Amino acid sequence: MAETKDAILNKFESNQEEVVVDTSKKVKVGIIGTGWIAEAHIRSYQNQPDVEVVALADLIPGKAEKFKATWNVEGARCYEGDNAHLKMLEAEQLDAVSVCTYNRTHAVCTIDSLKHGVPVLLEKPMCVTLEEAIEICKAEKETGKIVSVGFQPRFDVNMKQVKAVVESGVLGKIYYIQTGGGRRHGIPTPFGTSFIEDKTAGLGALADIGCYSLDMVLNAIGYPKPLKVSGYKSDFFGKNPEYYKNPDHPEYAELFGVDDFAAAFVRLEGDIILDFRIAWAMNMDTSGDTLIYGTKGGLRIPSTECWNGTIGGPMTIYSDVGGNRVETVIPLAAPDKVSNFDKKIRSFIDAVKTGAPSPVPTSQILYNQAILSGIADSHKAGKEIDIVIPEF
């Protein structure tokens with residue numbers, strides 16, 4: 001018997017649970033990299049009653065000390081200069097670290113931490129290349145220490161609804177997905193040049209916000225393995241001096257060395273096609289809603305004006321019920337009192353304390369990274385390429 005519209009909707013009611021924290025033992029945390037994103041980490045760690053940030057590391061002299069003073073991280077020891085993270089890892093007895101460095105140094109800082117026996121909360125993107133991602137996974141396996149990748153949108157109550165809809169079976173077999181995200185005007189130069197220079201970032205919009213967009217749909221459908229990709233990327237806005245509003249930095253256009261727009265056609269295991277596009281800047285108000293096509297129904301996930309890892313409005317399921325064309329609207333759930341970032345931090349700390357699996361495992365994000373770097377490699381080759389992920 002076909003399900004009624006109300007029966008379908010009742011499957012996706014949001015339930016929020018109270019979290020009880022054991023404060024009998026403090027988790028000693030170090031932060032590697034004390035730039036902009038580290039501010040979100042320290043703020044969240046300071047919200048956790050069972051966490052003590054005991055060490056800070058940054059390659060720029062004076063930066064960790066300034067961060068310590070700004071955020072009142074009393075008693076934390078600072079390590080600075082070349083190999084600051086190694087100095088910290090060798091001198092401290094840490095229970096966990098956050099890696100908040102440039103994209104280009106994500107892999108080395110994570111691998112060094114694992115080899116010193118320390119679990120890692122690794123900020124997104126996982127890294128820059130597939131080869132780096134593989135090395136991180138190998139180190140994790142060899143050391144037995146976890147890496148959780150910083151995808152806080154996963155903890156959003158409405159993002160969880162996307163996965164719940166797919167897993168309920170109301171869409172049937174998934175065969176085609178259109179996804180992405182965009183900003184009409186949003187190259188992140190207010191945070192300096194680390195996001196836009198190749199030597200620090202490696203990838204631009206692809207890594208910064210594209211990884212979130214991919215995770216939203218890939219996590220929902222169980223992270224099938226990517227097989228082939230035909231990718232494209234461009235830098236028309238980033239290279240244009242007229243784009244930047246700040247006259248004090250005419251050098252931004254010359255320094256810009258990554259992508260501000262990217263698109264791809266990806267073939268996934270299970271005969272699923274992924275149509276993807278992402279933008280930091282474009283002459284358009286949106287790159288389109290996310291659409292998940294299934295044999296029993298389709299799901300529309302409204303885009304946001306400025307992609308930030310959330311959902312732009314109520315989702316809609318399109319299906320046939322009793323011979324009628326039906327549109328089932330899933331209302332947006334009210335946000336939790338706890339921020340998604342705090343949930344990300346909390347899930348990692350809980351896994352460290354209990355020995356639980358990684359909340360956002362590298363086994364999944366390896367596929368995310370394979371697509372990101374595959375898009376860049378395909379663009380460079382000018383053709384569709386195979387994505388080859390070795391067993392290890």
Side-chain angles (χ1 to χ4, degrees), residues 27-48 51-89 91-92 94-114 116 118-128 136 147-153 155 188-197 199-202 207-209 211-212 308-309 339-349 352 359-360:
V27 177
K28 297 183 184 300
V29 173
I31 297 178
I32 302 174
T34 55
W36 169 71
I37 194 60
E39 295 179 7
H41 281 249
I42 188 63
R43 185 164 53 241
S44 187
Y45 280 131
Q46 289 174 336
N47 288 337
Q48 311 305 322
V51 171
E52 181 182 7
V53 176
V54 299
L56 305 166
D58 200 290
L59 58 85
I60 299 175
K63 194 172 179 180
E65 288 286 357
K66 182 179 179 181
F67 183 90
K68 174 182 175 179
T70 300
W71 290 94
N72 194 28
V73 193
E74 295 181 4
R77 292 163 290 280
C78 295
Y79 301 85
E80 299 175 329
D82 293 340
N83 295 316
H85 73 288
L86 283 174
K87 298 171 188 174
M88 182 184 78
L89 291 167
E92 301 286 343
L94 299 172
D95 298 312
V97 296
S98 276
V99 171
C100 302
T101 60
Y102 308 137
N103 297 349
R104 287 282 190 191
T105 55
H106 278 190
V108 64
C109 291
T110 299
I111 292 168
D112 285 343
S113 298
L114 292 171
H116 280 79
V118 183
V120 178
L121 176 56
L122 172 58
E123 253 310 321
K124 61 81 185 171
M126 187 176 181
C127 46
V128 175
I136 289 173
V147 176
S148 185
V149 187
F151 284 64
Q152 67 270 9
F155 300 93
T189 47
F191 308 109
T193 61
S194 61
F195 279 92
I196 67 171
E197 291 192 77
K199 68 180 182 181
T200 50
D208 181 36
I209 53 179
C211 63
Y212 282 152
N308 57 6
S339 73
N340 293 332
F341 207 98
D342 277 359
K343 291 178 191 176
K344 172 175 79 172
I345 294 289
R346 184 70 251 164
S347 68
F348 172 64
I349 293 300
V352 169
V360 185

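We number each residue from 1, following the sequence as shown. Hydrogens, waters and symmetry mates are skipped; everything else that's a heavy atom, side chains included, is used. Remember, it's a predicted structure, so these values are computed and weren't measured experimentally.
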Just wondering, do Asn340 and Pro153 contact through their side chains at under 4.5 Å, heavy atoms? no

If the test is side chain to side chain contact (heavy atoms under 4.5 Å, CB included), which one of Val149, Val352, Ile111, Val99 qualifies with Val120? Val99

What pair of heavy atoms forms the shortest contact from Ala207 to Asn103, and how long is it? CB-ND2, 4.0 Å

Quick one: closest heavy-atom pair of Ala57 and Met88, and the distance? CB-SD, 3.9 Å

Identify the two heavy atoms, one from Ile345 and one from Gln48, that lie closest to each other, and give their separation to 0.1 Å. CG2-CG, 4.0 Å

What distance do Leu121 atom CG and Ile31 atom CD1 have between them, rounded to the nearest 0.5 Å? 9.5 Å

Within-4.5 Å side-chain heavy-atom neighbours: Tyr79 and Leu89: no

Let me confirm one number: the NE2-NE2 distance from His85 to His116, rounded to the nearest 0.5 Å. 8.0 Å

How many angstroms lie between atom SG of Cys109 and atom CG of Leu86, to the nearest 0.5 angstrom? 8.0 Å

Where His106 and Pro125 come nearest, the two heavy atoms and their spacing: ND1-O, 2.7 Å

Exercise: identify the closest heavy-atom pair between Val53 and Tyr45: CG2-CB, 3.8 Å

Using atom types as modelled and distance alone, determine if a side-chain donor or acceptor of Lys343 lies under 3.5 Å from a backbone N or O of Gln152. no

Rounded at 0.5 Å granularity, tell me how far SG in Cys100 sits from CH2 in Trp36. 11.0 Å

Do the side chain of Lys28 and the main chain of Ala96 share a donor and acceptor less than 3.5 angstrom apart? no

Looking at Val360, Thr101, Ile32, Val147, which one forms a side chain to side chain contact (heavy atoms under 4.5 Å, CB included) with Leu122? Val147

Any sub-3.5 Å donor-acceptor pair from Ser44's side-chain atoms to Ala40's backbone N or O? no

Show me the side-chain donor-acceptor pairs of residues 62-72 shorter than 3.5 Å, one per line, residues at least two apart or across chains.
residue	atom	partner	partner atom	Å
Lys68	NZ	Ala76	O	2.8
Thr70	OG1	Lys66	O	2.9

Minimum side-chain heavy-atom gap Lys124-Asp208 below 4.5 Å: yes

Spacing of Leu59 atom CG and Thr34 atom OG1 [to the nearest 0.5 Å]: 8.5 Å

Could you check whether any side-chain N or O of Asp95 sits under 3.5 Å from a backbone N or O of Val27, counting only pairs where one atom can act as donor and the other as acceptor? no

Minimum heavy-atom distance between Leu94 and Gly30, given as atom pair plus value: CD2-N, 3.9 Å

I'd like to check Phe348 versus Ser98 (side-chain heavy atoms, cut-off strictly below 4.5 Å). Are they in contact? no

Got Thr200 and Thr193 here, is their nearest side-chain heavy-atom distance under 4.5 Å? no

